There are 2 protein chains.
Amino acid sequence: MTSSSPGNPPAKRATILDVAAAAGVSRQTVTRAMNDMPGIRQATRERVQELARELGYSPSRFAKGLVQGARTSVGLAIPDLTNPYFPAFASSVVEMATQRGWNVVMDDFGHGTSSSLDAVARLSPQVDAVIGYLGSDSGKAQAMLGRRPVVVLDDPAGQTAGGISFDYSHAARLALGRLLAVGCGHIAYLDSGTDDALTVRGSAVAGVAAELGIELTVLHAAESAQAAGEAVADLVSRHAAMDGLVVFNDLMAAGALKGLAKSGRTVPDDCAVIGMDGIPLGELVTPELTTLSLNLREVGRTAVDLLEGLLSGAFAHGSPEAQLKLRHDLILRESA
Amino acid sequence: MTSSSPGNPPAKRATILDVAAAAGVSRQTVTRAMNDMPGIRQATRERVQELARELGYSPSRFAKGLVQGARTSVGLAIPDLTNPYFPAFASSVVEMATQRGWNVVMDDFGHGTSSSLDAVARLSPQVDAVIGYLGSDSGKAQAMLGRRPVVVLDDPAGQTAGGISFDYSHAARLALGRLLAVGCGHIAYLDSGTDDALTVRGSAVAGVAAELGIELTVLHAAESAQAAGEAVADLVSRHAAMDGLVVFNDLMAAGALKGLAKSGRTVPDDCAVIGMDGIPLGELVTPELTTLSLNLREVGRTAVDLLEGLLSGAFAHGSPEAQLKLRHDLILRESA
DNA sequence: ATGAAAGCGCTAACAG
DNA sequence: CTGTTAGCGCTTTCAT
């Protein structure tokens, strides 16, 4: 342990004045000692630092922020840290933010019944900006933040200061093209969600399929590997001819692989499978997953760059330059 | 967009005084309006709120924190968000912290060359406490934080306010017992790290093996699935008799499964494999991974409960009651 | 229902 | 090299 003896009650925090008094100097001298500023004798500096340590003094971040105009802190709102896609994204955001000396306050609204708006409400008093997967509530989130910029991901129509969306039509063309190329004649798409409403990805896939004259079977499952596996097993039992499958994301695709295996189908021979995301998980499953891959580091970097532009005034809030669109690459592995 | 018209420069933030002036009231009235406090006429409240929105006013968290004595904010220091174990842990910490109205500042020190100490240094000015996987630097981290408590995970000898460690001997007994029970005669353990030094887990496994009279082959690999796969493939080519394998964590175990498959070994028939962690990934790989499972929600809850006790003074910093030990369960799936 | 005064803990700008 | 003064933006008394 440090000098704080065990059992110390949650004693009132020491302030700079306590240290100054203990050292018999002014508080300015304490400031100089603590922040390694010039204009102080080395002996004084050390004595003050020592005293500060003994008193367990640490400067109030509020007082400091108030007077110095804080380092920026960004809120990161994530639906579900349990889907490996999101930590991968979070990781790159944290890295980029750290490089800039920002700090990131994380909120995961996946558990319990809380929504992205709850997350933003919790974050709002703590941060200068928000980056997040907010779904269609992003407009309300921006309203909550006022002038502070929100960068929303994957909500193409979002009314926020900045947005990053994905070119799912391009992705769909890549996937469907591949499936056609390997000779699939009966293609299905597994979307996320439990009702019949298509997600943004879903409608892009459906649109491209129509364009290509593909008769697409669409099915739905909750956004988990297990639900995906069950949905696929069910489909296979009713629709034996299916020989090509595109899945909403890699996590669900991993579940689909399981479901297919349990139904006695071999991938890719009986049925080719293409996921979406490009997370490392895809290389760990068997067979390894062919997938529409996003460069997660690029997504994180883009989000942070965009936010920086918004914060500095280089980009106007809500302007077209602040609406970016990223593309997937098709990574061929074993499943298709 | 909100009322802030596009293209607004990073104008100086509006303060409560600006709003008060615009509304022709005093700043207390603005405070009352913004915080839904009583003692203000409804009409006034609405007018002030409207003006505040128009001006893009949001209260300074520093001024507020200074005067109110902040909500607590905890730093979460994580080695690598890319290993699914850590986000799973982070997720439960975030959930528990959110329940208490705390907010969590995340730092991932996995990328670049930064260390856990760098992370703590970045976090230190921002937080009231730290929870994290800090390795053996935890003592220095506690020194950096002074009186503010550090809860370190997986550093049994750590000199911190609180600690949570794991009973690896118990885990090792479970795993080696299982391998013996399924008839393994040549057991290996794959540890994390590139030199010959054993990790805490490694020495527990070695100790129990000795206790049980097992001649254990120990190998090392960097903490990634790929490195683990290569190490195992290499071992198998030199040591064909190996028929049982315990692995440092599930991610590496997943890689080991790959390595074994590529070497033409069938799991579990040719070689049984047991991982450690119990993350969902284990159910997605083929064959599904038998593993020493930690209840991650419990770990997160325990860490946050412990921190709460430390913060409130219910537990003395560094006392034995603040050193907790958790146990793994053996979850039998397909790989052993 | 509203306003005035005081002060949270710190650092920047000047003194000395 | 050290101390004094002022003020960051807000909420808490306490008046009115």
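This is a predicted model, so every value here is computed, not measured. Chain naming here is simple, since letters A, B, ... match the order of the sequence lines and numbering starts at 1 in each. Atom set for the values below is all heavy atoms of this structure, side chains included, hydrogens, waters and symmetry mates excluded.
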Nearest-angstrom distance from the residue atom [atom1] of [X] to [atom2] of [N]:
X	N	atom1	atom2	result
B:Leu55	D:dG9	CG	C1'	15 Å
A:Met34	C:dC10	CE	P	9 Å
A:Met37	C:dC10	CE	P	14 Å
B:Ile16	C:dG3	CD1	P	12 Å
A:Arg61	C:dT11	CZ	C1'	18 Å
B:Gln28	C:dG3	CD	P	8 Å
A:Arg27	D:dG3	CZ	C1'	11 Å
A:Tyr57	C:dG9	OH	C1'	7 Å

Practice prompt. Indicate, with a heavy-atom threshold strictly under 4.0 Å, whether B:Thr31 touches base, sugar-phosphate, or nothing.
Written response: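 Counting heavy atoms under 4.0 Å across all strands, the contact made by B:Thr31 includes a base.
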Practice prompt. Assign A:Thr29 to base, sugar-phosphate, or nothing according to its heavy-atom contacts below 4.0 angstrom with the strands shown.
Written response: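 Touches sugar-phosphate only.
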Discussion item. Checking side-chain contact (heavy atoms from CB on, under 4.5 Å) between B:Ile131 and each of B:Ile78, B:Val104, B:Val304, which is the one that passes?
Written reply: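 Single side-chain contact (heavy atoms from CB on, under 4.5 Å) partner of B:Ile131 among B:Ile78, B:Val104, B:Val304: B:Val304.
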Under-4.0 Å salt bridge between [X] and [Y]:
X	Y	value
A:Asp305	A:Arg100	yes
B:Asp18	B:Arg13	no
B:Arg47	B:Glu50	no

Practice prompt. Kindly indicate whether the side chain of A:Gln68 and the base of C:dA12 share any N or O donor-acceptor pair separated by less than 3.5 Å?
Written response: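 Result: no qualifying N/O pair found.
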Discussion item. Let's test your reading of the model: under 3.5 Å, does the base of D:dG3 pair with the side chain of A:Arg32 as donor and acceptor?
Written reply: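 A donor-acceptor contact between them is present.
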If you compare every side-chain N and O of [X] against the phosphate oxygens of [N] (OP1, OP2), does one of them come in below 4.0 Å?
X	N	answer
B:Thr44	C:dT2	yes
A:Ser26	D:dG3	yes
A:Lys64	C:dT11	yes
B:Arg41	C:dT2	yes

Practice prompt. With the side chain of A:Ile40 defined as its heavy atoms from C-beta on, choose the nearest nucleotide among D:dT2, D:dC10, C:dG9.
Written response: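 Ranking D:dT2, D:dC10, C:dG9 by closest atom to the A:Ile40 side chain puts D:dT2 first.
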Worksheet entry | Residue whose nearest DNA chain C nucleotide is more 5′ - B:Val25 or B:Ala63 |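 Mapping each residue to its closest nucleotide by heavy atoms, the 5'-most match is B:Val25.
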Discussion item. Between A:Ser165 (side chain only) and A:Pro156 (backbone N and O only), is there a donor and an acceptor less than 3.5 Å apart?
Written reply: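 No, A:Ser165 side chain to A:Pro156 backbone: no donor-acceptor pair under 3.5 Å.
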